[in-house]
There are 2 protein chains.
Amino acid sequence: MTKNTFDRIYETLKDRILKGAYSIKMRLPIEDDLIKEFDTSRYAVRKAIKQLADEGLVYSVKGRGVVLLEHTPQTQQFNLSLGQLSGIKAMNADRQLDYRTDVVSFKQVIVDADLSERTAFEIGIPVYAIQRVRLFNGHRNVIDINYFNAQLVPGITADIARQSIYHYIQDDLHVKIAVVKRMLRVDSVRKTDLKYLELGDNNCVGNMISIAFNDTGRQFEYTESHFIPNEFVFTQLIRN
Amino acid sequence: MTKNTFDRIYETLKDRILKGAYSIKMRLPIEDDLIKEFDTSRYAVRKAIKQLADEGLVYSVKGRGVVLLEHTPQTQQFNLSLGQLSGIKAMNADRQLDYRTDVVSFKQVIVDADLSERTAFEIGIPVYAIQRVRLFNGHRNVIDINYFNAQLVPGITADIARQSIYHYIQDDLHVKIAVVKRMLRVDSVRKTDLKYLELGDNNCVGNMISIAFNDTGRQFEYTESHFIPNEFVFTQLIRN
DNA sequence: GAGTGGTCTAGACCACGGT
DNA sequence: CCGTGGTCTAGACCACTCC
């Protein structure tokens, strides 16, 4: 349940925006009116508006008010889907997906100079090196190449990798996944991609490189997710 | 000049973090100490810390403090470079780039059903349809396919397109670029890509689709930037 | 000049983490 | 239990937009 004041305001306003309640004048009510309506302080109202702005629904202009950004069915897909931590969003997220994971490689290795250069893990520490093929509706669309710091997230097994490593990390190890940083690239295919992915005629892959941090600030994961063209999208919001 | 209190605090803290001043204990000073040090209120201190967290440098834990995220030379490149509104960041942003733009197509057209479906512009309005090849060190790395709403940003010419449309929009038209929403995909090549891009053996392109809004909330631009593999990166931050 | 959001202050209480 | 960041209140003044 959402119990915070600003959450309640945020949800109410978001609902109204998506329903088109404010669309005619393209403005949100001014802060003072929202304060009166929700019988609260400016803090909660402003925090709720901030959240709407973070999501790309509104934009605040000093001296004028809070403007709604135009949205159409097409441009809805540009809106950020918050909270999807673990990964990739299929292009048609609405259609039903049959999903399976094959663990094609599971090793525990010691970080050497090369691997350290790539993953930013310290030389000499033990890591789990895992390769998993992700099948969507039976198609080999993604290969995940994971390296997990075995000191920070110990006890991973091939069986856990077949299920969900993030589930294990959070629920069993009680390690909080605080921040994930990502880089996105387009790479020419390499041997592993050709071996495991259904690329068709394509000779490139998308490469999403993620590094994840726990709530003590330590990086416990380095992952490359190679995915086939034409199937996946990533969204981003830039504000002035 | 940065004149806000929280900007001053933010810059000072960021500087210290990057210099490693806090790295031993992996913590920022607690809020009360920062309030004393900068002789200010909690508001400014918290806003500065929020900004550091938005950038992926720190992470706040209720009850414990503000934790620094590990960073190494490799993982620095995951840090967001804020403020780069206009676009693509080359993989090696540090190396000197010779940069040129060729306008290969410049038209004014009326939006029909198909174009409306793609760009979310209303049927019947006039738009500028522009295609520009971007050369980096003489190499045709990017093709920009722009559609600008001619009512919201009138007066674009081929000459302006050769220079900088964003410069013209902001400085001459005084239109504020408030928000840009992006989608990133990997697409199989199409005819236009083959014609204009130096793809080598690659038969895919990266596709960055942007829609831009002015500060009245109107979408004035739809752009596809197709870019060659292996040269560009995008960064993203996900927080819990 | 009137109206609006942005910054800032000075407090209070709550929720969580660790001892 | 204490220390910490998160939420919340009630106000003040400033900077900007628009008329």
Side-chain angles (χ1 to χ4, degrees), chain A residues 1-11 13 22 25-54 57-69 170 173-176 178-179 214-218 239-240, chain B residues 1-11 13 22 25-54 57-69 170 173-176 178-179 214-218 239-240:
Chain A
M1 295 312 118
T2 63
K3 48 175 185 262
N4 290 337
T5 311
F6 66 77
D7 267 334
R8 220 185 68 238
I9 302 172
Y10 160 76
E11 311 242 342
L13 293 180
Y22 298 129
K25 40 193 236 186
M26 301 280 286
R27 292 279 175 83
L28 230 57
I30 64 168
E31 291 182 352
D32 274 345
D33 288 349
L34 293 172
I35 290 168
K36 278 173 207 143
E37 178 186 347
F38 292 97
D39 189 31
T40 181
S41 70
R42 229 184 139 189
Y43 170 86
V45 166
R46 286 179 60 73
K47 181 144 183 175
I49 292 172
K50 178 82 165 50
Q51 210 154 319
L52 294 168
D54 285 341
L57 293 175
V58 303
Y59 181 78
S60 299
V61 187
K62 189 196 294 196
R64 190 159 58 202
V66 178
V67 165
L68 275 76
L69 298 187
Q170 292 183 293
L173 293 182
H174 301 294
V175 168
K176 177 103 200 283
V179 172
N214 66 17
D215 70 357
T216 67
R218 302 292 310 279
R239 260 183 311 162
N240 263 1
Chain B
M1 299 308 120
T2 63
K3 47 176 184 265
N4 289 338
T5 312
F6 65 77
D7 267 335
R8 218 185 70 239
I9 301 171
Y10 160 75
E11 311 237 338
L13 293 180
Y22 298 129
K25 39 194 233 185
M26 300 281 285
R27 291 279 174 83
L28 230 58
I30 64 168
E31 292 182 350
D32 274 345
D33 288 350
L34 293 172
I35 290 169
K36 279 173 206 141
E37 177 186 347
F38 292 99
D39 189 31
T40 181
S41 70
R42 229 184 139 191
Y43 170 86
V45 165
R46 285 181 59 75
K47 181 144 184 173
I49 291 171
K50 178 82 166 51
Q51 211 154 319
L52 294 169
D54 285 341
L57 293 174
V58 303
Y59 181 78
S60 299
V61 186
K62 190 197 293 197
R64 190 160 59 205
V66 178
V67 165
L68 276 75
L69 298 187
Q170 291 182 295
L173 294 182
H174 301 293
V175 168
K176 177 104 201 284
V179 172
N214 66 18
D215 69 357
T216 66
R218 302 292 309 278
R239 261 183 309 163
N240 263 0

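Naming: A, B, ... by sequence-line order, numbering from 1 per chain. Small disclaimer: the values here were computed from a predicted structure and weren't measured.
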State, to 0.1 Å, how close [X] and [Y] come at their nearest heavy-atom pair, and which atoms those are.
X	Y	value
A/Tyr10	A/Ala48	N-CB, 3.7 Å
B/Ala53	B/Arg239	CB-NH1, 3.6 Å
B/Tyr59	B/Asn240	OH-O, 3.6 Å
A/Val67	B/Asp215	CG2-O, 3.6 Å
B/Leu68	B/Arg27	CD1-C, 3.4 Å
A/Thr40	A/Ile35	O-CG2, 2.9 Å

*Nearest 0.5 Å, what's the NZ-CG distance between A/Lys47 and A/Leu52?*
13.0 Å
*From A/Asp39 atom CG to A/Leu34 atom CG, the distance as rounded to the nearest 0.5 Å*: 12.5 Å
*Tell me which of B/Asp215 and A/Ala44 sits closer to the 5' end of DNA chain D, going by the nucleotide each one is nearest to.*
A/Ala44
*asked:* Going 5' to 3' along DNA chain D, between which two nucleotides do contacts with chain B fall, using a heavy-atom cut-off of 4.0 Å?
replied: D/dG3 to D/dT7
*Angle by which the axis turns from one end of the helix from C/dG1-D/dC18 to C/dG18-D/dC1 to the other, five pairs per end, to 10 degrees*: 20°
_With a 3.5 Å distance limit and no angle check, can you tell me whether B/Asn4 reaches the backbone of B/Phe6 through a side-chain donor-acceptor pair?_
no
Any protein N or O atoms within reach of nucleotides 3-5 of chain C? Criterion: under 3.5 Å, listing atom names and distances.
residue, atom, partner, partner atom, Å
C/dG3, N2, A/Gly63, O, 3.0
C/dT4, O2, A/Gly63, N, 3.3
C/dG5, OP2, A/Glu31, N, 3.0

*Using a strict 4.0 Å threshold on nitrogen-to-oxygen distance, state whether B/Lys36 and B/Asp32 make a salt bridge.*
no
